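Here the structure comes first, spelled out in structure tokens, and everything after it is commentary.
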2 protein chains.
Amino acid sequence: MQKDVVPAYEQVKAWVRQHIARGDWKPGDPVPSESALMEQFGISRMTANRALRELAAEGLVTRVQGSGTKVAQLHRISSQLVIRDIHEEVAERGHVHTTRILEVTEEKAGPAVAESLGLRKGARVFHTILVHMENGVPIQYEDRYVNPAAAPDYLNTDFTQTSPTLHLLQHAPLTEASYSIEACLPNEVEARELGIRRGEPCLVMMRRTVSGAHAASVARLVYPGARYSIAGQFQA
Amino acid sequence: MQKDVVPAYEQVKAWVRQHIARGDWKPGDPVPSESALMEQFGISRMTANRALRELAAEGLVTRVQGSGTKVAQLHRISSQLVIRDIHEEVAERGHVHTTRILEVTEEKAGPAVAESLGLRKGARVFHTILVHMENGVPIQYEDRYVNPAAAPDYLNTDFTQTSPTLHLLQHAPLTEASYSIEACLPNEVEARELGIRRGEPCLVMMRRTVSGAHAASVARLVYPGARYSIAGQFQA
DNA sequence: CAGTGGTCTAGACCACCGA
DNA sequence: CGGTGGTCTAGACCACTGG
């Protein structure tokens, strides 16, 4: 039975997907029930169930117990924003990534940082400021505070070899994160270090990461607008 | 057996998740095999399989046939960027959404637009320019070209009642999309319509949507940087 | 009520991996 | 080779929906 290279449930999924993509079935239309698929494909109900359940997980169809399976309103096409190591990202483009280190210190947390990291005001925190360059051109100004509890070795890292993101990913596997992206003008220091004029707009990403029980780090990432864009793909 | 409110496979998932979140099992560590879970929880293999398979789909664990299930390197935490109707978004914040219509026309496609929509240069395209306001304050300048083949009725829409995004979602269910986000300074018209100075940075999202066989629309969405940010959450 | 999906079981065969 | 995951089946009981 299962000598097929393509599993039965995948065939069913593909078949349903096709009907939806071609517009044979429009949003709100019913999709054949599990028992209908059993007969049509000569499969067991568990197999039909798996196909429809996975399509529902992808958001292509909606299932309501007792009512049936319907083609979903195709609203929530979504893309993945992924937290990646910038070194890896640059290397993938076949370019050279280098880092300029501006600051690597231990400080007392100010109120804002303490709050973000879930520490008392004045608690010890690690602070790094780096500039990331792609083929020698600055592309990211990274101002980051790190919770010592999450990455005790942080300050001993050679940041010319290992980026903060990579160190954190390796030592404090992240379980949660939030971000916000805004357009801002750089302050004087940021403009100077990025080699741009004060009036040149930048993408600023504020990111807070959590690893297990600890808030691990808060970072302010400044990208020169003219040299960087966030791009992505949505797939149904 | 299944009188439990929480399904068995969910209990197994929660149990595994907990061990990973608490750090009992670190990235690379083996997760109990399906047969181990069968014994431990007194469940059948299909149930254990489902639990682990779904965790793998979420990216929490990695499964290799013949080798076993291991805790994944928690790198690719990802978030969902969702295409939403701006009216809905504003309404959800409990605010009032209004629209100012600047242009609703039919034009011949210039080379760039034709290319994006997959049409011949000079083909007829719909063009709308709107300003979206939240409680009377401009928050988005929307310059959009639409492929007539994907939404023939587009121009007949009352854009004070139905946003372009909503019309398109309803009439041309989207199957694919790509976007890029940059920081830019607004041009003179955009600045005037958004009520900001020329030097104030903006988030600009270029978005191209595909519906079935047709490229449906390309849009340039300009957000005043000081009034708008894109925010999101990553979840493992 | 009949039909639907939600869950579960106890088997089964297979392909793959590592020792 | 034994253990692993990948898939599949033929049944089962349940909760829910709709007419």
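No experiment lies behind these values; they were computed from the predicted model shown. Chain A is the first sequence line, chain B the second, and so forth, proteins listed ahead of strands; every chain is numbered from 1.
A straight line from CG of A:L55 to P of C:dG5 spans 13 Å, rounded to a whole angstrom. Atom-to-atom, CD of B:Q65 to P of D:dG5 comes out at 10 Å; the value is rounded to the nearest Å. When rounded to the nearest whole Å, the span between CZ of B:R63 and C1' of D:dG3 equals 13 Å. Rounded to whole Å, the distance from CG on A:L37 to P on C:dG6 is 13 Å. We find that NZ of B:K70 is positioned 9 Å from C1' of D:dT4, with the value rounded to whole Å. Summarising the geometry, the separation between NZ on A:K13 and C1' on D:dG6 is reported as 14 Å, rounded to the nearest angstrom.
At the phosphate of D:dC8, neither OP1 nor OP2 sits under 4.0 Å from any side-chain N or O atom of A:Y9. Contact between the side-chain N/O atoms of B:S33 and the OP1/OP2 oxygens of D:dT4 is found at a separation under 4.0 Å. The side chain of B:S67 places no N or O atom within less than 4.0 Å of a non-bridging phosphate oxygen (OP1 or OP2) of D:dG3.
Of the listed nucleotides (D:dG6, C:dC17, C:dT4), C:dC17 has the atom at the smallest distance from the side chain of B:V64.
Between A:Y154 and A:F159, the gap from one ring centroid to the other is short of 6.0 Å.
Aromatic ring orientation, B:H19 versus B:W25: parallel (interplanar angle below 30°, classes split at 30° and 60°). Ring geometry for B:Y223 versus B:Y228: interplanar angle under 30°, hence parallel rather than tilted (30 to 60°).
Residues from residues 38-54 of chain B lying near DNA chain D, meaning a heavy-atom separation below 4.0 Å, are B:R45, B:M46, B:N49 in numerical order.
In this view, B:E92 and B:R84 satisfy the salt bridge (charged side-chain N to carboxylate O under 4.0 Å, His left out) rule, not counting sequence neighbours. Residues passing the side-chain contact (heavy atoms from CB on, under 4.5 Å) test with A:E142, sequence neighbours excluded: A:L130, A:H132, A:Q140, A:R144, A:P164, A:L221.
Heavy atoms of other residues, nucleotides or ligands lying less than 6.0 angstrom from CD of B:Q40 number more than 12.
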